[in-house]
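Here is the structure we will look at.
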Protein chains: 2
Amino acid sequence: MYHLPTTTLRYYEDLGLLYDIPRKGNRRAYTQQHLDRLGSICCFKNTGMTLSELQTLFSYSEHGGDLDKIVDLLDQHCQEVDEQLTLLKQNQQHIKRKLHFYQDIRTAEQTNTPLPDWDNYRSRTFH
Amino acid sequence: MYHLPTTTLRYYEDLGLLYDIPRKGNRRAYTQQHLDRLGSICCFKNTGMTLSELQTLFSYSEHGGDLDKIVDLLDQHCQEVDEQLTLLKQNQQHIKRKLHFYQDIRTAEQTNTPLPDWDNYRSRTFH
DNA sequence: TCTTTACTTCAAGTTAACTTGAAGTTGTAT
DNA sequence: ATACAACTTCAAGTTAACTTGAAGTAAAGA
């Protein structure tokens, strides 16, 4: 359906993250609203929110809805994702340095030139 | 030490990700090489590599070292991190849309103006 | 019509990555 | 010197997020 196995959808349903799903016969027929919510679940989950935190977030939207809490939580999560982006970019740099380092080792072995020293890669940036 | 509990360091050691750690008395005294390796472990782990994949990667560096496999693995991981970055940015947009949406709902409630419609936020970008 | 494939429920099992418990030792601050 | 926090080993326990098993139902294609 959303490249998620039905068992996972069932699991989310058991947790209360999805509900009021209409049936066609005895099978679930998800509406656009459910697909939207599923999209949100995936998004928040993939940005580090636990399913339990998602329960909390969604609970704020029910019965009236505590907008202040929703906005606060979303705002804080936004910042966390900002930090994740920063970290991920740093880690990407680290991996690229490693990659170039080992490529250069291979070249050095093939050309019988001196092996590179990792210290020379520590602060280098690659693109 | 690296803001990791000693139990986690022990766990990595049990998995063979860290070894030959010198002792001062009966306590571990990590060298710069170990700290470097720990940095790599954290980097790879935080970019989605499992500890078991790390075992594999490190096994290529031992006894001689299969440079082709290392380079291949690093190259592929680089691409995966690229995709992660793309996805994370998309998710960030989604979260920012949600945030603005709920902020606008709040404003609308306060000013007694009509509530916003999520459909108008679906393809909007925020910075 | 028959068969296959994907669904259905419910309970129980799995996996990765730690974490905790128990029992003992040691380097450092008072 | 004496306490005490932080280390030590080893085995066992925890947690989140699924996943699998068993047993049954049902829509869609040959």
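Throughout, a chain's letter reflects where its sequence line sits, starting with A, and its residues are numbered from 1.
A:Glu80 and A:Gln76 form a side-chain donor-acceptor contact under 3.5 Å, judged by distance and modelled atom types alone.
Taking the nucleotide of DNA chain C with the nearest heavy atom to each of B:Thr7 and B:Leu51, the more 5' of the two is matched to B:Leu51. Ranked by how close their nearest DNA chain C nucleotide is to the 5' end, B:Lys24 and B:Tyr12 are led by B:Tyr12.
Ion pairing between A:Asp36 and B:Arg122 holds under the 4.0 Å rule for side-chain N and carboxylate O.
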Dump the intermediate steps for side chain to side chain contact (heavy atoms under 4.5 Å, CB included) on B:Tyr19 and B:Glu13, then the final yes or no. CA-CA 6 Å; B:Tyr19 54 85; B:Glu13 208 178 326; 5.7 Å; no

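For D:dC7, the OP1/OP2 oxygens have no side-chain nitrogen or oxygen of B:Arg28 closer than 4.0 Å. Contact annotation: A:Arg23 reaches the phosphate of C:dT9 (side-chain N/O to OP1 or OP2, under 4.0 Å).
Checked by distance alone, B:Arg27 brings a side-chain donor or acceptor within 3.5 Å of a matching partner on the base of C:dT26.
A straight line from CE of A:Met49 to C1' of D:dA17 spans 17 Å, rounded to a whole angstrom. The CG atom of A:Leu9 sits 13 Å away from the C1' atom of D:dT19 (whole-angstrom rounding).
Residue B:Thr6 places its side chain closer to D:dT8 than to any other of D:dC18, C:dT9, D:dT8. The listed nucleotides are C:dT19, C:dT26, C:dT8; the one nearest the side chain of B:Asn26 is C:dT26.
Within the 6.0 Å centre-distance limit, the rings of A:His77 and A:Phe44 are counted as a close aromatic pair.
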